[in-house]
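Down below is the structure, laid out as structure tokens.
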Amino acid sequence: MSIHGEIKRVTTHTLQWMKQHDEKISMLTAYDFSMARIFDDAGIDVILVGDSASNVMAGHETTLPITLEHMIYHAQSVVRAITRCLVVVDLPFGSYQGNSKEALNTAIRIMKEAGAHAIKLEGGEEVVESIRRIISAGVPVMGHLGLTPQSIYQFGTYAVRAKEEEEAETLMHNARILQEAGCFALVLEKIPASLGKKVAKELKIPVIGIGAGMHVDGQVLVMHDMLGITKDFSPRFLRRYLNLYDDIKSATGRYIADIKSKDFPNEQEQY
Ligand code: KIV
């Protein structure tokens, strides 16, 4: 049995149902109206308005510079496009780590001003007070452990996390804490598949992986990577479904050539 084609609106409860019935959850990032409309129309379960917008939309090297105002702008554009999927929005770096009151204010702005359905934030025990406060205000929270890009300067590299036992145990401990605090789902980024399996097996909430192997409850990719718009990013976990960089470049080349050769517009393409 699959709930995929049947439901009108994906909620956090739908995701829980999917986990219980072994139906994998599909999630993609989106940052604008047009792409969100296509993904929603295709039947994606969850759109993440990720702070990866800082990289793929704004061209920053890390996710750190993006502001709350920018995240709200992207989230508003996505929410206007969708009719079915769940929209989760990242809390940007610096907007929730300070204290739980600040975290709640950030979450409330995203829910109120963008019309998002849930928020995501990075970290474990160190942010649990903020998570509890946000959830107690009625806002669903998705956790994020493993490679957490907002901490990149602490990690030093984008290498696979939690390969050693000590870090794996800490991750497991934090995953339990996030579930107990009331998170409705958890993203695990770039960790060994065996650890992804262990977390997904123990936790009752859905675990969605990006480079966390095949045994978790769902998968997420950054849309620019999945569609082959980013050219020089080829981690092992990435499956490219299109090569849009080359396709768009070639189409643009043909457009330029048609203008230069005076082929475009022709008689049928004018008034
Ligand atoms: O911002 C983002 O795109 C993310 C995904 C990588 C999970 O957090």
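Everything quoted here is computed from the prediction, not taken from an experiment. Numbering of ligands and ligand atoms starts at 1, following listing order.
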Under 3.5 Å: donor-acceptor pair, side chain of Gln97, backbone of Gly94: yes
Which part of Ile210 is near ligand 1, with near meaning a heavy atom under 4.0 Å away: side chain, backbone, both or neither? side chain
If you group Ile, Leu, Val, Met, Phe, Trp and Tyr whenever their side-chain heavy atoms sit less than 4.5 Å apart, what else falls in with Ile177? Val128
For ligand 1, which atoms, with element, lie under 4.0 Å from some heavy atom of Thr29? 3 (O)
Tell me yes or no: between the side chains of Asp32 and Ser77, is some donor less than 3.5 Å from an acceptor? no
Within-cut-off N or O pair, Asp90 and ligand 1, under 3.5 Å: yes
Close approach of Met27 to ligand 1, heavy atoms, under 4.0 angstrom: no
In the protein, what heavy atom is nearest to atom 3 (O) of ligand 1, and what distance, to one decimal place, separates them? Ser52 OG, 2.5 Å
Any nitrogen or oxygen of Lys120, side chain or backbone, less than 3.5 Å from one on ligand 1? yes
Identity and distance of the protein heavy atom lying nearest atom 7 (C) of ligand 1: Leu48 CD2, 3.7 Å
In terms of heavy-atom contacts, does CD of Glu167 have more than 12 from other residues, nucleotides or ligands at under 6.0 Å? yes
Should Tyr31 be counted as touching ligand 1, given the test is an N or O pair under 3.5 Å? no
Atoms of ligand 1 close to Val222 [distance to a heavy atom under 4.0 angstrom, numbered from 1]: 3 (O)
Are Leu64 and Tyr153 packed together at the side-chain level, in the sense that at least one heavy-atom pair is separated by less than 4.5 angstrom? yes
Tell me whether Glu102 is salt-bridged to Arg133, with the criterion being a basic N under 4.0 Å from an acidic carboxylate O. no
Sidechain N-carboxylate O distance under 4.0 Å for Asp45, Lys24: no
Closer than 4.0 angstrom: is that true for some heavy atom of His144 and an atom of ligand 1? yes
